[in-house]
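Read through the structure below, which is laid out as structure tokens, and then see the notes.
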Amino acid sequence: MNWRKSSYSDGGDGDMCVEIAILPTHISLRDSKNPTRATLTLPTHSFTALINHLKEEVPPWNSESP
């Protein structure tokens, strides 16, 4: 697989890096600090749906308390 660093990874100390591999029918993600550990692999259409959903929603850790 050809892994590359995500453009959304933090540029700081390199402690928040995600790598992505784009395959013909799947997208794989892994932690660049632990490349030999588990990866998350999803069919391309599922990955796209997940990203679109995350773009629409406000994560609870980013919402302001009333």
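What you are looking at is a predicted structure, and each value in this text was computed from that prediction instead of being measured. In this chain, residues are counted from 1 in sequence order.
- Interatomic distance, CG of L50 versus CG of N52, reported as 9.0 Å (0.5 Å rounding).
- Looking at heavy atoms from C-beta onward, R37 lies out of side-chain contact with D31 at the 4.5 angstrom threshold.
- The nearest pair of heavy atoms linking P35 to S32 is CD-O, 3.4 Å.
- From I22, atom CD1 reaches atom CD1 of I27 across 5.0 Å, with rounding to the nearest 0.5 Å.
- At most 12 non-hydrogen atoms from other residues, nucleotides or ligands lie less than 6.0 angstrom from CG of N2.
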Ignoring hydrogens and angles, write down the donor-acceptor pairs under 3.5 Å from the side chains of residues 39-47, residues two or more places apart or on other chains.
{"unit_1": "T41", "atom_1": "OG1", "unit_2": "S28", "atom_2": "OG", "d": "2.8"}
{"unit_1": "T44", "atom_1": "OG1", "unit_2": "T25", "atom_2": "O", "d": "3.3"}
{"unit_1": "T44", "atom_1": "OG1", "unit_2": "H26", "atom_2": "N", "d": "3.4"}

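- Across every non-hydrogen atom of E19 and W3, the tightest pair is O-CZ3, 3.7 Å.
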